[in-house]
Amino acid sequence: QVQLVESGGGLVQAGESLRLSCTYSGRTFGTSAMAWFRQARGKEREFVAAIRWVGSTTYYADSVKGRFTISRENAQNTISLQMNSLKPEDTALYYCASTPRYGVPSVQDAYDYWGQGTQVTVSS
């Protein structure tokens, strides 16, 4: 089992920045990829960004490309999501996910482990 705990959410104004963190523990050896997804109220959960463990290749949704950056901090067993130039439409519950399987990084079904989420609210 892998445990994931998100932190760093909050209330900011449009144009400001936030940095989300996801701390992972447990049987993390063999992790293939980790990702961030988000779910706005009344909408389905959607892909935000992902990073592969081998090679650190990153992937982004078009809606966040150029504004968000996913990274991995091995020493802290953490992945982060730096979110700049935030918009009201970025308001959502942000989830961290991980998987030992090799799949399409933007697909929810590719991930086996999920955190509880951290709320990000962007006011206009």
Side-chain angles (χ1 to χ4, degrees):
Q1 286 286 346
V2 173
Q3 293 78 44
L4 305 172
V5 179
E6 303 96 335
S7 62
L11 171 63
V12 297
Q13 293 189 334
E16 294 184 340
S17 299
L18 270 178
R19 187 176 182 88
L20 304 183
S21 295
C22 173
T23 301
Y24 52 88
S25 61
R27 299 184 65 179
T28 59
F29 180 81
T31 295
S32 173
M34 291 187 69
W36 290 95
F37 287 77
R38 68 186 182 186
Q39 186 169 20
R41 186 172 298 180
K43 296 187 177 181
E44 294 189 353
R45 189 158 54 185
E46 65 176 6
F47 171 73
V48 175
I51 184 166
R52 290 208 188 277
W53 244 225
V54 177
S56 296
T57 304
T58 56
Y59 306 83
Y60 296 95
D62 288 343
S63 59
V64 307
K65 202 170 294 183
R67 299 188 298 124
F68 290 11
T69 302
I70 188 171
S71 61
R72 177 184 171 189
E73 289 84 40
N74 292 344
Q76 289 81 35
N77 280 5
T78 297
I79 67 165
S80 297
L81 185 69
Q82 178 66 40
M83 306 186 295
N84 298 329
S85 302
L86 282 162
K87 304 175 181 180
E89 51 263 44
D90 294 318
T91 295
L93 188 61
Y94 283 71
Y95 295 93
C96 176
S98 74
T99 181
R101 298 178 285 132
Y102 190 92
V104 178
S106 60
V107 175
Q108 293 187 53
D109 288 346
Y111 295 89
D112 297 298
Y113 305 104
W114 294 82
Q116 295 299 305
T118 185
Q119 179 67 38
V120 172
T121 303
V122 184
S123 64
S124 56

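Residue numbers run from 1 in the order of the sequence given.
- Under the 3.5 Å distance criterion, the side-chain polar atoms of Thr99 are matched with a main-chain donor or acceptor of Ala110.
- Checking side-chain atoms of Thr91 against main-chain N and O of Pro88 turns up a donor-acceptor pair under 3.5 Å.
- The backbone N or O of Gly9 lies less than 3.5 Å from a partner atom in the side chain of Thr118, making a donor-acceptor pair.
- Checking side-chain atoms of Ser32 against main-chain N and O of Pro100 turns up no donor-acceptor pair under 3.5 Å.
- With a 4.5 Å cut-off on side-chain heavy atoms, Arg101 and Asp112 count as touching.
- In the hydrophobic cluster analysis, where Ile, Leu, Val, Met, Phe, Trp and Tyr join through side-chain heavy atoms closer than 4.5 angstrom, Val12 is grouped together with Leu81.
- Minimum interatomic distance between Pro105 and Phe47 (heavy atoms only, all atoms of both residues): O-CE1, 3.5 Å.
- Side chain of Thr31 to main chain of Phe29: no donor-acceptor pair is present (N/O by atom type, distance under 3.5 Å, no hydrogens or angles).
- With rounding to the nearest 0.5 angstrom, the CG atom of Asn77 is 12.5 Å from the OG atom of Ser21.
- The two residues Gln3 and Gln1 have their closest heavy-atom pair at NE2-CB, 3.6 Å.
- Every residue meeting the salt bridge (Lys or Arg N to Asp or Glu O under 4.0 Å) condition with Lys65, not counting sequence neighbours, appears here in chain and number order: Asp62.
- Remark: the backbone N or O of Gln116 is paired with a side-chain donor or acceptor of Glu6 at under 3.5 angstrom.
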Exercise for the section: Output, in order, the C-alpha distance, side-chain angles, deciding distance and verdict of side-chain contact (heavy atoms from CB on, under 4.5 Å) for Leu86 and Glu16. Expected result: CA-CA 6 Å; Leu86 282 162; Glu16 294 184 340; 5.5 Å; no
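- You'll find the side chain of Val120 reaches within 4.5 Å of the side chain of Met83, heavy atoms only.
- Of all the heavy atoms in Ser80 and Thr78, the pair that sits closest is OG-CG2, 4.0 Å.
- Contact record, Gly115 with Tyr95: O-CD2, 3.5 Å, taken as the closest heavy-atom pair.
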Problem - Residue pair Asp90, Phe68: steps toward the side-chain contact (heavy atoms from CB on, under 4.5 Å) verdict - result: CA-CA 11 Å; Asp90 294 318; Phe68 290 11; 3.9 Å; yes
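- By the ring-ring contact (aromatic ring centres under 6.0 Å, His included) test, Tyr94 is found to be paired with no residue, residues two or more places apart in sequence or in another chain being considered.
- Taking the side chain as every heavy atom from C-beta outward, Tyr24 and Val5 never approach each other to under 4.5 Å.
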Practice task
Carefully, step by step, assess Leu20 and Trp36 under the rule side-chain contact (heavy atoms from CB on, under 4.5 Å).
Solution key: CA-CA 10 Å; Leu20 304 183; Trp36 290 95; 3.7 Å; yes
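- Residues that satisfy the salt bridge (Lys or Arg N to Asp or Glu O under 4.0 Å) test with Glu73, not counting sequence neighbours, are Arg19.
- In terms of modelled atom types and a separation under 3.5 Å, the side chain of Arg72 and the main chain of Ile79 share no donor-acceptor contact.
- Atom CZ of Arg27 has 12 or fewer neighbouring heavy atoms from other residues, nucleotides or ligands inside a 6.0 Å radius.
- Under the salt bridge (Lys or Arg N to Asp or Glu O under 4.0 Å) criterion, Glu46 pairs with Arg38, not counting sequence neighbours.
- Note: Ser85 OG to Arg67 CZ = 7.0 Å, rounded to the nearest 0.5 Å.
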Practice task
Assess whether side-chain contact (heavy atoms from CB on, under 4.5 Å) is satisfied between Met34 and Cys96, documenting all intermediate values.
Solution key: CA-CA 7 Å; Met34 291 187 69; Cys96 176; 3.6 Å; yes
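- Side-chain contact check for Ser17 and Asn84: at least one donor-acceptor pair (N or O, by modelled atom type) lies under 3.5 Å.
- With sequence neighbours excluded, no residue forms a salt bridge (Lys or Arg N to Asp or Glu O under 4.0 Å) with Arg45.
- Aromatic rings from Tyr111 and Phe37 are positioned such that their centres are separated by under 6.0 Å.
- In terms of the ring-ring contact (aromatic ring centres under 6.0 Å, His included) criterion, Tyr59 has no residue partners (sequence neighbours excluded).
- Here the shortest heavy-atom pairing between Ser98 and Leu4 reads N-CD1, 3.8 Å.
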